Structures are given as C-alpha cells and as structure tokens.
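Note sheet for the following structure.
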Amino acid sequence: MAKALELAWAAKGKTFPNPAVGAVVVFNGKIVGTGATEVCGGPHAEKVALEKAGKRAAGATLYVTLEPCCHYGRTPPCTDAIITAKIKRVVAASADPNPLVNGKGFTKLRAAGIAVEIGLLQEEAMTVNEDFFHTITKKRAWITLKLACTLDGRIADEAGVSQWITGKEAREYGHELRRTHAAVAVGRTTLERDDPQLTVRHVKGFSPARIVFTTGAKISKKTFFYRYAKEARGIVVVSGKGRKKIMRDSRSGLEYWYTGEQEPRKHLRTFTEMAFENDITSVLVEGGQKMASSFLEFGLVNRLYLFYGNKILGKGIEALRFSRGLALNKRISLKNRKTLLFGDTFGITGIPDNVK
C-alpha cells in the first residue's frame, strides 16, 4: 500500500478533476503490476496495474488507494476489469465519497466472490486526495493558501520587494505545491508588481491553470500571464454586479469569469463554485495580502501553509490584514498541524478551524 501511495503522489497534478490513485498487484509475495491514474479520460490506476500484471493477476491481491469505481464515466468501471482479471483479494485504503461509488464498488466485488479489506493506511490515502474528498461532497473547489513571510510576518519590504524572503529549498517545495493543484492564483496587485510566471519550474510536473483576481477585466498585455495565456489555461476572475457568466477571448486565450457578486465574501464563494463546475477542483492561492486575507477571513481556506524566512524587516507589507481584528477567544487556529523545515526556512501547515 505504501508503494501504491507513492504512485498516487507521483500522479498528483495530472489527473484533475479525477483523484490521483495508485494500484499494486501482488502474486505470491511479489509485485507483478503497478499503475497510477492517467490524465483525465485515460485509464485508471487499477487497469494500468492489471494490464502490466497480465495473466499473473489471476489469484493475486490488488492494493489500491481508493475504492474502485463501479460506474460508467469517461472510462468503463474498474470493478469489471478486476473481476475479469480474476483478482482474489482487494485491499483498499479508503472508500470513495463519490455518490456514484461510495461503497457500491466494494459491494460489487464481494458479490463476485472477491475478498475486500478496507482501511490500510487510510489517513495517508485521504491526505493524497483531500481536495477530491472536499470537492466531491461540497461541490466547490478546494483552496490552499500559501504565504512566505519574514519572522515578523512581512511578505515584502516597504518598497514592495519580496524576492527572496524564503530559501531555495522552500521555494522548490512551493513549486511542488503548484504541481499538485489544478490552478494557482494571485491578485491583480501581485500580478502587476511582481509579474509572476505561476508555472512549475523547480520540480517535474504539469503547470497548473493560472488565475488572477481583479475588480476590472483589463489585464496588462506586458505581463507573462497575458503573453503566455495560450500555453496554460488563463482565468481572470472579475467581481462586480451583473450576471454570472464566463467569456473567452479568442485573441489572448484568456477566460473571463464574472461572478456577478460585488460583496467580497459572496464573490469568492461564487468563484469556488464556478471553479468546481469548470473542472478546477483545487486552487493554490499565493497572494497578495488582500487576496490571502479575504480567503482566510471568510472561512474559505481548506489548508494553510506559512513559510518563515530567517529575516526581520521591522516594517513592510503585512502577510495578513483582516477587515477587522479578531478577539483572542475568537481567533483562528490550525488543526492537524505539521511542521516543515527547509534549510534557513521553516514552515507550518494545517487546516484553519474557521473553514466553512
């Protein structure tokens, strides 16, 4: 199962909106087939592993990180392939929360005489697809917020300079986070000040969709975001009164998402719903201050990453500034915390307890 999880993590980032799943076929104590979910529309992990195992799958055990699907979607059911291959036993880390599956896959396998065991390394498996578990049940995109700060909580100096607050190892990890999300987002101020590429560069993987939040639809044609909009999906999220709609600019390749909401909380909540509806199931928000603060204050952040570089500025742009401060007894705390160390940078990640 540990090998299956390793395969799932490696596939993370290329399977959206499907979950990243790993599968391993074992016969007589030896691995005879491995597989991971392919790009959406391609074969699922179980089918890849079974194909590699061939005739050796008969009488073997299949280890899989998520319950095999039992319905026709973009591909035929994995349960049918497992039954046809004459697998003797299936060990699954977790059930699939998708209402189309959710236990039905296990029921079908057992009805075919296959032994089924559930729960091995379940917590680890659920972490791999925590975004999928959220989106399939809540019908809105998973939001991860990442901030790189100085020890005194600044994301830039007084002149707006932010490169580089954290060390190289931490920045590489930031690109790993980009690789495992369907989209990466910033506010318009960050776009115009830093002209970020929002691409995956320091690790191997697909570059996610790029999102910019703005109150107006005008985007500078000099930015990397505009000039290379056709290389990856580029989305401009526009707030304001009107009708919720999506428009596509054939010249630039950009998509303009109008939420039809002017009030910030409703605007961002509507965006998460629109993202889910358009196969953007997870978004890594990288700043700036206003965007990060709004998502966190409104309870829309599902996981928070705070990275601290070994620097103190005394003044500068604060990482977070809510519309109003919170009383100590109403503060936001992190659940399921984990500490991260990267050379001269340390970090913490967890789930905000105000998440809606």
Side-chain angles (χ1 to χ4, degrees), residues 1 3-24 33-52 62-82 90 92-106 108-109 118 121-122 124-144 176-184 200 204-209 232-233 235 272-284 302-303:
M1 187 63 78
K3 176 63 177 178
L5 285 167
E6 181 183 315
L7 292 166
W9 273 119
K12 188 78 174 175
K14 69 177 183 180
T15 68
F16 298 120
N18 291 335
V21 179
V24 176
T34 62
T37 311
E38 298 288 346
V39 175
C40 185
H44 290 186
E46 300 94 319
K47 293 181 181 177
V48 176
L50 290 171
E51 184 175 332
K52 290 182 180 178
L62 171 67
Y63 292 85
V64 62
T65 58
L66 189 67
E67 178 180 3
C69 65
C70 56
H71 65 288
Y72 280 88
R74 294 181 176 90
T75 60
C78 288
T79 49
D80 289 358
I82 294 169
V90 171
S94 173
D96 188 337
N98 187 340
L100 295 174
V101 186
N102 199 15
K104 300 182 183 71
F106 295 141
K108 188 172 183 179
L109 293 173
I118 309 164
L121 298 184
Q122 182 178 45
E124 292 87 339
M126 292 183 74
T127 299
V128 175
N129 287 306
E130 60 184 1
D131 50 350
F132 170 74
F133 279 72
H134 168 82
T135 57
I136 204 69
T137 54
K138 301 292 186 180
K139 306 301 181 186
R140 60 179 189 266
W142 168 279
I143 303 296
T144 298
E176 175 68 12
L177 291 178
R178 288 184 181 180
R179 180 189 73 81
T180 57
H181 284 74
V184 58
V200 171
K204 186 178 181 180
F206 291 101
S207 288
R233 192 174 181 183
I235 300 167
T272 64
E273 296 166 354
M274 293 177 71
F276 170 77
E277 293 164 0
N278 289 275
D279 290 341
I280 301 291
T281 52
S282 63
V283 181
L284 177 65
N302 301 104
R303 179 171 289 280

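Hydrogens, waters and symmetry mates play no part in the numbers below; they use all other heavy atoms, side chains included. Just so you know, residue 1 is the first one in the sequence shown, and it goes up from there. Owing to the predicted nature of the structure, the values given are computational and were not obtained by experimental measurement.
The shortest heavy-atom contact between Val283 and Ala141 is CG2-CB, 4.4 Å. Across Met1 and Val64, no two heavy atoms sit closer than the pair CE-O, 3.5 Å. Shortest non-hydrogen contact noted between Pro208 and Val200 is CD-CG2, 3.8 Å. The two residues Phe276 and Arg140 make their nearest non-hydrogen contact at CB-CA, 3.6 Å. Counting all heavy atoms, side chain and backbone alike, Thr34 lies closest to Val48 at O-CG1, 3.9 Å. The shortest non-hydrogen separation linking Lys12 to Val128 is NZ-O, 2.8 Å.
To the nearest 0.5 Å, atom NZ of residue Lys139 and atom CD of residue Glu277 are 10.5 Å apart. To the nearest 0.5 Å, atom CZ of residue Arg303 and atom CG of residue Leu284 are 12.0 Å apart. Taking OH of Tyr63 as the reference point, atom CG of Leu7 lies at 14.5 Å (rounded to 0.5 Å). Between the CZ atom of Arg178 and the OG1 atom of Thr144 there is a distance of 13.5 Å, given to the nearest 0.5 Å. The line from NZ of Lys14 to CZ of Arg179 is 9.5 Å long, rounded to the nearest 0.5 Å. Within the model, atoms CZ of Phe16 and OG1 of Thr37 stand 11.5 Å from one another, a figure rounded to the nearest 0.5 Å.
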Please assess Arg233 against Ile280 for the test side chain to side chain contact (heavy atoms under 4.5 Å, CB included), listing each intermediate value before the final yes or no. CA-CA 10 Å; Arg233 192 174 181 183; Ile280 301 291; 3.6 Å; yes
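Partner of His44 under the side-chain contact (heavy atoms from CB on, under 4.5 Å) criterion, chosen from Cys69, Pro77, Pro68: Cys69.
Around CD of Glu51, the count of heavy atoms belonging to other residues, nucleotides or ligands within 6.0 Å does not exceed 12. With a 6.0 Å radius and a threshold of 12 heavy atoms from other residues, nucleotides or ligands, Lys138 has its NZ atom at or below the threshold.
In this structure, Asn129 contributes its side chain and Ala20 its backbone to a donor-acceptor pair below 3.5 Å. Side-chain atoms of Glu67 come within 3.5 Å of backbone atoms of Gly103 as a donor-acceptor pair (strictly under, hydrogens ignored).
When side chains are defined from C-beta on, Asp96 counts as touching Phe132, because their heavy atoms get closer than 4.5 Å. Looking at heavy atoms from C-beta onward, Cys78 lies in side-chain contact with Lys47 at the 4.5 angstrom threshold. Between Trp9 and Thr65, the closest side-chain pair of non-hydrogen atoms is not below 4.5 Å.
Between Lys108 and Asp80, at least one side-chain nitrogen of the basic residue sits less than 4.0 Å from a carboxylate oxygen of the acidic one, meeting the salt-bridge criterion.
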